[in-house]
Colleague: 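Sharing a structure, written as C-alpha cells. Questions coming.
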Amino acid sequence: DAHNAAARQSDTIQKRLGAVVDANRASFLLVAAAATAAATGFALMGKRAIDGAEALLDMSKKTGVTVEELSTLVLVAEEAGASATDLQTAFKEQAKAAVESTKANSAAAIAYDLIGVSARDSAGNLKEPLALMLETADGLNRIEDASLRSAISQNIYGRSALNLLPTLSAGSAGMKEQQAAYASFGAQISTKTAKQADEFNDKLKQVQEITKGAAKQLAVALLPTLIQVNDFLIRNAGAVQVFVTGLAGIVGTAIAAASA
C-alpha cells in the first residue's frame with residue numbers, strides 16, 4: 001500500500017545518504033577540521049588585533065603621536081627591521097634631546113645644528129614629535145658620512161638609533177608615502193577604535209575575575225560534598241575497582257561491535 005511504499009522509499013533514501021556519508025567520511029572530517037581551524041584562526045587574529053589597537057593607544061599617550069599616525073608608522077618601521085618598542089624609545093629620546101637642544105654646546109644642540117634642524121618652531125614651542133622626526137630624517141640624509149650620521153642619530157635617538165636609521169633613510173617623503181600605502185590597505189586604526197579596544201580588554205579582565213570568583217564560590221560550596229565522595233570512594237575502594245573493570249569491559253565490547 002501507499003504507507004509501505006513511502007516507508008520503503010524513506011529507507012532507501014536513508015541508506016543512500018548513509019552510503020554517501022561513509023564514502024566521503026574522510027572528506028567530511030577534513031572539511032570540519034579545516035572549518036574549525038579557520039574559525040580558531042580568525043578568533044586569534046581578532047584578539048591580536050584588539051590587543052594591538054590597545055597597545056597603540058598606550059603608545060600614543062606616551063609619545064604624543066596620534067593613534068592614526070602610529071598605526072601606519074609602526075608598520076613602516078617594522079618593514080625596515082625596527083620594532084614598535086624601538087619607535088617608542090626613539091620618540092622618548094627625541095623629546096629629551098629636543099629639550100636639551102636649548103642648552104648651548106649640549107650634545108643634542110650640536111647634533112641638531114649639524115643636520116640643520118631646530119627642535120622648536122618659529123614661536124619657540126617644541127615641534128610636534130612626528131613632524132620633528134620627519135625633519136630629522138631629512139636632515140640625517142643630508143649627511144654623507146655614514147659614521148657621522150650614525151653618531152648624530154645616537155645623540156638624538158639614543159640606543160634605538162641604529163635600529164631606526166633604516167626607517168629614517170627613506171626620508172620624510174618616503175616615510176609618508178609608505179604610511180599612505182598602509183592606510184590604503186586598511187591598516188590604519190582610529191583613536192576611537194583603539195579606545196574601544198582598551199575598554200573591551202578592561203571589561204574582559206573584569207569578566208575573567210568574575211568567572212574566577214564564581215568558580216571559587218562553587219568550589220567552596222561543593223567542598224563538603226566532595227569530601228563525602230572521597231570518603232565513600234576510600235571506604236568502598238574494592239567495589240569501585242570491580243565496577244571500573246566491568247565498565248571497561250562493556251565499553252571495549254561496544255567499541256569492538258561498532259567497528260566490526
Side-chain angles (χ1 to χ4, degrees), residues 45 47-101 106-112 114-119 126-191 193-194 197-198 201:
M45 288 173 62
K47 186 59 171 70
R48 281 197 293 266
I50 291 172
D51 292 342
E54 181 186 27
L56 285 172
L57 182 64
D58 291 339
M59 187 175 177
S60 177
K61 293 176 181 177
K62 293 176 181 177
T63 62
V65 182
T66 66
V67 170
E68 286 79 1
E69 293 285 5
L70 285 174
S71 62
T72 54
L73 187 60
V74 166
L75 296 175
V76 172
E78 289 177 343
E79 184 179 335
S83 66
T85 300
D86 291 326
L87 195 59
Q88 180 171 309
T89 302
F91 278 117
K92 176 184 175 182
E93 295 297 325
Q94 177 183 265
K96 290 164 58 177
V99 174
E100 185 187 351
S101 67
S106 66
I110 294 172
Y112 278 121
L114 287 172
I115 61 175
V117 173
S118 173
L126 289 175
K127 292 178 178 176
E128 291 294 324
L130 181 55
L132 180 56
M133 177 175 283
L134 293 174
E135 284 187 45
T136 302
D138 289 338
L140 288 170
N141 286 337
R142 289 192 289 268
I143 303 298
E144 296 183 359
D145 186 289
S147 297
L148 178 58
R149 184 166 59 248
S150 177
I152 294 172
S153 67
Q154 289 182 60
N155 281 336
I156 297 174
Y157 295 115
R159 65 180 183 276
S160 65
L162 294 180
N163 290 338
L164 198 64
L165 269 177
T167 302
L168 299 176
S169 66
S172 61
M175 292 170 67
K176 288 179 180 178
E177 183 179 348
Q178 288 174 294
Q179 283 187 277
Y182 278 114
S184 70
F185 301 153
Q188 189 175 66
I189 295 173
S190 68
T191 299
T193 297
D198 182 57
N201 276 340

Colleague: Does Thr136 use its side chain to pair, donor to acceptor, with the backbone of Leu132 at less than 3.5 Å?
Modeller: yes
Colleague: Distance from Asp198 atom CG to Leu57 atom CG, nearest 0.5 Å?
Modeller: 5.5 Å
Colleague: Partners of Ala131 by side-chain contact (heavy atoms from CB on, under 4.5 Å), sequence neighbours excluded?
Modeller: Glu128
Colleague: Give, for atom CG of Leu73 and atom CD of Glu68, the distance between the pair rounded to the nearest 0.5 Å.
Modeller: 13.0 Å
Colleague: Please report the interatomic distance CD1(Ile156) to CG(Leu168), rounded to the nearest 0.5 Å.
Modeller: 9.5 Å
Colleague: Looking only at non-hydrogen atoms, find the nearest pair between Asp138 and Ser172 and report the distance.
Modeller: OD2-OG, 2.6 Å
Colleague: Under the salt bridge (charged side-chain N to carboxylate O under 4.0 Å, His left out) rule, collect the residues that match up with Glu135, sequence neighbours excluded.
Modeller: Lys127
Colleague: Does any N or O in the side chain of Asp86 come within less than 3.5 Å of the main-chain N or O of Leu164, such that one atom is a donor and the other an acceptor?
Modeller: no
Colleague: Does the side-chain contact (heavy atoms from CB on, under 4.5 Å) test come out yes or no for Leu87 and Thr63, once each step is laid out?
Modeller: CA-CA 9 Å; Leu87 195 59; Thr63 62; over 6 Å; no
Colleague: At what distance, to the nearest 0.5 angstrom, does CG of Leu70 lie from CG of Asp58?
Modeller: 11.0 Å
Colleague: Which pair of non-hydrogen atoms, one from Ile189 and one from Val67, has the smallest distance, and what is that distance?
Modeller: O-CG1, 3.5 Å
Colleague: Taking side-chain contact (heavy atoms from CB on, under 4.5 Å) as the definition, give me every residue that meets it alongside Glu69, ordered by chain and number, with sequence neighbours left out.
Modeller: Val65, Thr66, Leu130, Gln179
Colleague: Does Asn141 reach the main-chain N or O of Ala137 with its side chain, forming a donor-acceptor pair under 3.5 Å?
Modeller: yes
Colleague: Give the minimum heavy-atom separation between Ser106 and Ser101, together with the two atoms involved.
Modeller: OG-CA, 4.0 Å
Colleague: Could you measure the distance from the CG atom of Asn163 to the OG atom of Ser153? Nearest 0.5 Å is fine.
Modeller: 10.5 Å
Colleague: According to side-chain contact (heavy atoms from CB on, under 4.5 Å), who are the partners of Asn201, at least two apart in sequence or on a separate chain?
Modeller: Lys47, Ile50, Asp51, Glu54, Leu204
Colleague: Count the heavy atoms belonging to other residues, nucleotides or ligands that lie under 6.0 Å from CD of Glu78, then report whether that count exceeds 12.
Modeller: yes
Colleague: Can you name the closest pair of heavy atoms from Ala119 and Tyr112 and give their distance?
Modeller: CB-CE1, 4.3 Å
Colleague: At their closest point, which heavy atom of Ala111 faces which heavy atom of Asn155, and how far apart are they?
Modeller: CB-CB, 3.9 Å
Colleague: Looking at Arg159, I want to see if its CZ is surrounded by more than 12 non-hydrogen atoms of other residues, nucleotides or ligands under 6.0 Å.
Modeller: no
Colleague: Keeping to residues at least two apart or across chains, list the side-chain hydrogen bond (donor to acceptor under 3.5 Å, both in side chains) pairs with something in residues 88-99.
Modeller: Gln94-Tyr157
Colleague: Return the minimal non-hydrogen interatomic distance between Arg142 and Val117, and the atom names on each side.
Modeller: NH2-CG2, 4.2 Å
Colleague: Once rounded to the nearest 0.5 Å, what's the spacing between atom CD1 of Ile115 and atom CZ of Arg149?
Modeller: 11.5 Å
Colleague: I'd like to check the side-chain contact (heavy atoms from CB on, under 4.5 Å) partners of Ala84; sequence neighbours left out, ordered by chain and number.
Modeller: Val74
